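Notes for the one structure printed next.
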Amino acid sequence: MTDIAASPPARPPRAVRPLRVAGAALQLSALAVVGPVVFTILGVLLGVGIGLVPVIGIGLLLLLGFVYGLFALAFLEYARVDGLYDLSLPAVRPRTSGRPGFGGFVRTIWAQFTDPLMWRGVASAAVATVLGFIVLAAASILVSGIAVAFSPLYADGTDAVRLERTPFDIPVSLGVPLGLLAVLLSAAAIVGVALLHGVIARAILVPSREGALAEQARTSSAQRAGAVRAADLERTRIERDLHDGVQPRLVSVGMTLGLAQQKIDSDPDAAKTLLAEAHTSTKAAITELRQLARGIHTSVLDDRGLDAALSALAARSHVPVALDVRIDERCSKTAETAAYFVIAEALTNAAKHSRASECRVVVRQREGGILWARVEDNGIGGARIVPGGGLDGIANRVLGAGGEFRLDSPVGGPTALEVSIPCAS
């Protein structure tokens, strides 16, 4: 039975703590000064950019600055609100289409411009700027109210004192009560606006429960589809390797042994030659089966971790590999396996198709429990995601592990492949 008396007392909501209210008021005051400058710069970039689009594309550069200026504003707004209210807001990251070339770049810019998280941040910054004007006006009235309250001490020969930011002239004889009333009302207005900012910021930036559930459902469906697709591609690869490699070799061994059996009495020397050939083919088949099994599962990954497994992978690579792995602790088996096979497939593609003379593999464990890896080669580039191909398998394997995949491979090279996989996936 739960001991109710022993439970800690309920804490007040975070938004109504005095320090948070004071911090919100100070930040809103600062935004009232900085916000108009920022929005003016963004407006100039938009207007001049549209006007100069026909001038050798100069306007396009300004519009590009406008889009990523909006992103920077949203990023800072999310960081400000999250730091103030500790809401665990979703991270605002640059969007990417995941496609190479100029077309992929244009799609990336459009994806960034239509990013709803970015526009939520911009809207929150705009609202905060407007609320900041109210806070500054209330602060000015508060200071003026204090001056009015003390007016009987210094207003010699003056019948009334103007209360700043208002049309009211306060008689000196009523300066103390009306000045104190102005101070209390303006202080209440500042606190009220600060509290209102917390409510509005939550309404704009915090995903609704229904939206969060819908996004979670979409993510789960995408991960499930990616996992199924990756499994299908892996099965197809195994079937192809067995059919094109091991199976013909084993059939050849069987035929060679049959010929040796026929010649063992009539031509012992030829039979010995055939047996030696069968023995060599058998060892080659065993090697191929071992490599195939390693492609399905690598035991060193379970026993010694991703760093050791990648070191063994780099040692077997046909292309020289510069390996840089810095991992503080083990990730989940799913994450390590996905990262290992992504890197293995990328190195295989580099050896087969890119004509690269060297590759570089960098693996890091980033904040937030993210396993990040980048594979880059100095080949001819032009890599594309083809349904059923190796890169398609990489993308689906990463998606199935809940991660993100990015390919940058312009014609002429180099090719860079980056993946980010949650360690707890």
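All of these numbers come straight from a predicted model, not from anything done at the bench. Side chains are part of it too, since the values below use all heavy atoms of this structure and drop only hydrogens, waters and symmetry mates.
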Is any side-chain heavy atom of Asp86 closer than 4.5 Å to a side-chain heavy atom of Arg20? yes
Can you measure from CG (Leu61) to CG (Leu45) and round to the nearest 0.5 angstrom? 11.0 Å
Note, Thr415 side chain near Leu407 side chain (heavy atom, < 4.5 Å): yes
Note, Val342 side chain near Phe405 side chain (heavy atom, < 4.5 Å): no
Asp82: partners by salt bridge (Lys or Arg N to Asp or Glu O under 4.0 Å), with sequence neighbours left out: none
For residues 134-142, run the donor-acceptor check on the side chains, cut-off 3.5 Å, and write out each pair with its distance to 0.1 Å, sequence neighbours left out.
none

4.5 Å side-chain heavy-atom contact, Trp119 and Phe113: yes
Tell me, with the steps shown, if Leu306 and Leu371 meet side-chain contact (heavy atoms from CB on, under 4.5 Å). CA-CA 11 Å; Leu306 185 60; Leu371 183 61; 4.0 Å; yes
Partners of Ala79 by side chain to side chain contact (heavy atoms under 4.5 Å, CB included), sequence neighbours excluded? none
Point-to-point distance, once rounded to the nearest 0.5 Å, from CG of Asp307 to CZ of Arg326: 11.5 Å
Restricting to salt bridge (Lys or Arg N to Asp or Glu O under 4.0 Å), what partner residues turn up for Arg364, sequence neighbours left out? Asp324
So, using side chain to side chain contact (heavy atoms under 4.5 Å, CB included) as the criterion, who are the partners of Glu418 when residues are at least two apart? Trp372, Arg374, Arg406
Do Leu347 and Val319 come close enough that some side-chain heavy atom pair is under 4.5 Å? no
Here the salt bridge (Lys or Arg N to Asp or Glu O under 4.0 Å) pairs for residues 61-80, sequence neighbours left out, are Glu77-Arg80
Heavy-atom pair with the smallest gap, counting every atom of Arg95 and Ala111: CG-O, 3.8 Å
Aromatic ring pairing Phe75/Phe71, orientation class (parallel under 30°, perpendicular over 60°, tilted between): tilted
Output for pair (Trp110 CH2, Asp115 CG), nearest 0.5 Å, gives 12.5 Å
